[in-house]
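Below is one structure, written out as structure tokens; the observations come after it.
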Amino acid sequence: MKSNYDVCAVASQFEIAGEYLHAEPYGSGHINDTYCVVYSQGGTPIRYLFQRINHHVFKQPAALMENIQRVTRHLAAKVAAQTDASRRVLTLIPTHNGGACFRAPDGNYWRAYIFIEQARGYDTVENPQQALAAARAFGHFQKLLADLPKPRLHDTIPDFHHTPKRFAALEQAIAVDAVNRAALAKPEIQFALRHKMLCGVLLAANLPERVTHNDTKFNNVLLDDASGEGICVIDLDTVMPGLALYDFGDMVRTTTSPVNEDERDLAKVTLQFPMFEALARGYLSTAAEFLTLPERRYLAFAGQLITFEIGIRFLTDFLTGDSYFKVYREGHNLDRCRTQFKLVESIMQQEAAMNKLIETI
Ligand code: ADP
Ligand code: GN1
Ligand code: MG
């Protein structure tokens, strides 16, 4: 992460009382730059969460912030009567002139949130209780947003989960081979081409459009330290119209394997059935009341598809020179692609059992 942003100057633009103490890079996201900023308020250190929005990825930051404002206000109204309401939804801190974000002189866009204390996000799942808690929270999130008043939210990244278009981008990257890496990824390219037929399945199923999160990575829900509950869904940049199954699919992708997304030992990458079962039970505990039968039928398949899709995206980024996802070592995106494709195979092997289980819930 570029570290020479003047975070203190950025922070001075927001409605925060007290004295600025310091800021540190925070979290392990692939897209935005996140900082934990500490203020002293009456001698007590208080943390805030600042983010520089990656405007190469999110090309219309103002529209994105409008989405986030609408979504967080809607959620805040719904949870207002619950205990701990302020920890159950992200709260934006306005700039001095009431804006949702600050555009710095260097062209960067920044926003600030209240820091959710006594909760954390995890890169890998430790036990089925955590999988259940995360899935419950994401299902609840979809449920609370089902009656978001019109207009339709902005598409912050058009065609984000349009898998056939993602595949077309991969084919283009293979053909151009801009940084001469195709030879390094022959088995992965072969795997992708062999499974092209997966891409269009959900789009052909005529499923209802909903307000969905679209990036339901396991570390995008904070689990309460004391109770383990999925207390707050975060990373709202991609909340927009989508399919419920994109969210369930990404939960399967990130919450069933015992290792990190960039694990090099592929023998460790596998769908752990108890994690899938916990996910399905957790998600259906909050989502069953609004899901249609066709949506339920594709739950297991969605895991396969979204894992394949993200694998394609990592492979495309590897072939085009690592311009999208943050990388920290040579071949990082290829390593990530390999884990995805290994997980796709594992899901395929267990698909029948996964479908059978869903029928019993
Ligand atoms: P990215 O889009 O880069 O993944 P996230 O919005 O997920 O960025 O934030 C990065 C990390 O910062 C998260 O994984 C989480 O650990 C932490 N985080 C984000 N928002 C908050 C918050 N309001 N309170 C506490 N921690 C947060
Ligand atoms: C990115 O922002 P983060 O790290 O939560 C990406 C997701 C991918 C994920 C893969 C806006 O998510 O789509 O699934 O990396 N977000 C965007 O780890 O592209
Ligand atoms: Mg994130």
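No hydrogens, no waters, no symmetry mates; every other heavy atom, side chains included, goes into these values. We count ligands from 1, going down the list as the structure has it; atoms in each ligand are counted the same way. On a predicted model such as this, the values are computed, not experimentally measured, just so you know. We number each residue from 1, following the sequence as shown.
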Restricting to under 2.8 Å, identify the protein N, O or S atoms around the Mg ion (ligand 3) as residue plus atom. Asn220 OD1, Asp235 OD2
Taking non-hydrogen atoms only, is [X] closer than 4.0 angstrom to ligand 2 via side chain, backbone, both or neither?
X: Lys217; answer: side chain
X: Asp235; answer: side chain
X: Tyr246; answer: neither
X: Gln340; answer: neither
X: Arg336; answer: neither
X: Asn220; answer: side chain

Using the test side chain to side chain donor-acceptor pair (under 3.5 Å), find all partners of Thr95 that sit at least two apart in sequence or belong to another chain. Asn97
Provide the number and element of each atom of ligand 1 under 4.0 Å from a heavy atom of [X].
X: Asn220; result: 7 (O)
X: Tyr26; result: 12 (O), 17 (C)
X: Ile31; result: 3 (O)
X: Leu90; result: 23 (N)
X: Asn219; result: 14 (O)

Please report which non-hydrogen protein atom sits nearest to [atom], along with the residue it belongs to and the distance in Å to one decimal place.
atom: atom 21 (C) of ligand 1; value: Leu49 CG, 3.4 Å
atom: atom 18 (O) of ligand 2; value: Glu261 OE2, 2.6 Å
atom: atom 24 (N) of ligand 1; value: Ile116 N, 2.8 Å
atom: atom 2 (O) of ligand 2; value: Ile31 CG1, 3.3 Å
atom: atom 7 (C) of ligand 2; value: Asp215 OD1, 3.6 Å
atom: atom 8 (C) of ligand 2; value: Arg313 NH1, 4.0 Å
atom: atom 15 (O) of ligand 2; value: His30 CD2, 3.3 Å

Min heavy-atom dist Ile114 to ligand 1 below 4.0 Å: yes
Passes side-chain hydrogen bond (donor to acceptor under 3.5 Å, both in side chains), Asp262 versus His332? Steps please. CA-CA 7 Å; Asp262 59 358; His332 207 163; 2.8 Å; yes
Flag the pair Ile31 / Tyr324 as yes when at least one side-chain heavy-atom distance between them is below 4.5 Å, and no otherwise. yes
Ring-plane angle category for Tyr39 and Tyr20, please: parallel below 30°, perpendicular beyond 60°, tilted otherwise. perpendicular
How are the rings of Phe276 and Phe273 set relative to one another: parallel (under 30°), tilted (30 to 60°) or perpendicular (over 60°)? tilted
Going by the atom numbers of ligand 2, which of them fall below 4.0 Å from some non-hydrogen atom of [X]?
X: Phe314; value: 10 (C), 18 (O)
X: Ile310; value: 14 (O)
X: Gly29; value: 4 (O)
X: Phe58; value: 11 (C)

Are [X] and [Y] ion-paired here, with the side-chain N under 4.0 Å from a carboxylate O?
X: Glu277; Y: Arg281; answer: yes
X: Asp235; Y: Lys217; answer: no
X: Asp224; Y: Arg87; answer: yes
X: Arg52; Y: Asp106; answer: no
X: Glu295; Y: Arg210; answer: yes
X: Glu229; Y: Arg88; answer: yes

Please state which part of Gln51 comes within less than 4.0 Å of ligand 1, counting heavy atoms only: side chain, backbone, both or neither. side chain
Matching residue for Tyr5 among Trp110, Phe50, Tyr109 - test: ring-ring contact (aromatic ring centres under 6.0 Å, His included): Trp110
Please say which of Phe115, Tyr48, Tyr35 ends up in a ring-ring contact (aromatic ring centres under 6.0 Å, His included) with Tyr26. Phe115
Asp123/Asn260 under side-chain hydrogen bond (donor to acceptor under 3.5 Å, both in side chains): CA gap, chis, key distance, verdict: CA-CA 7 Å; Asp123 288 336; Asn260 268 338; 5.2 Å; no
Keeping the roles fixed (side chain from [X], backbone from [Y]), state whether a donor-acceptor pair exists under 3.5 Å.
X: Arg253; Y: Glu261; value: no
X: His96; Y: Ser12; value: yes
X: Asp247; Y: Thr212; value: no
X: Thr256; Y: Met275; value: no

Are any of the N/O atoms in Tyr324 less than 3.5 Å from those in ligand 2? yes
I'd like to check whether Asp250 has a polar contact with ligand 2, where a contact means an N/O of the residue lying under 3.5 Å from an N/O of the ligand. no
Do Thr163 and Glu309 have a side chain donor and acceptor closer than 3.5 Å? yes
So which of [options] gets nearest to [atom], if we judge by its closest heavy atom?
atom: atom 3 (O) of ligand 1; options: Cys36, Gly29, Gly27; value: Gly29
atom: atom 1 (P) of ligand 1; options: Thr34, Asp235, Ile234, Asp237; value: Asp235
atom: atom 10 (C) of ligand 2; options: Arg253, Lys326, His161; value: Arg253

Could you walk me through whether Asp147 and His74 pass the side-chain hydrogen bond (donor to acceptor under 3.5 Å, both in side chains) test, one step at a time? CA-CA 9 Å; Asp147 61 350; His74 188 78; 2.8 Å; yes
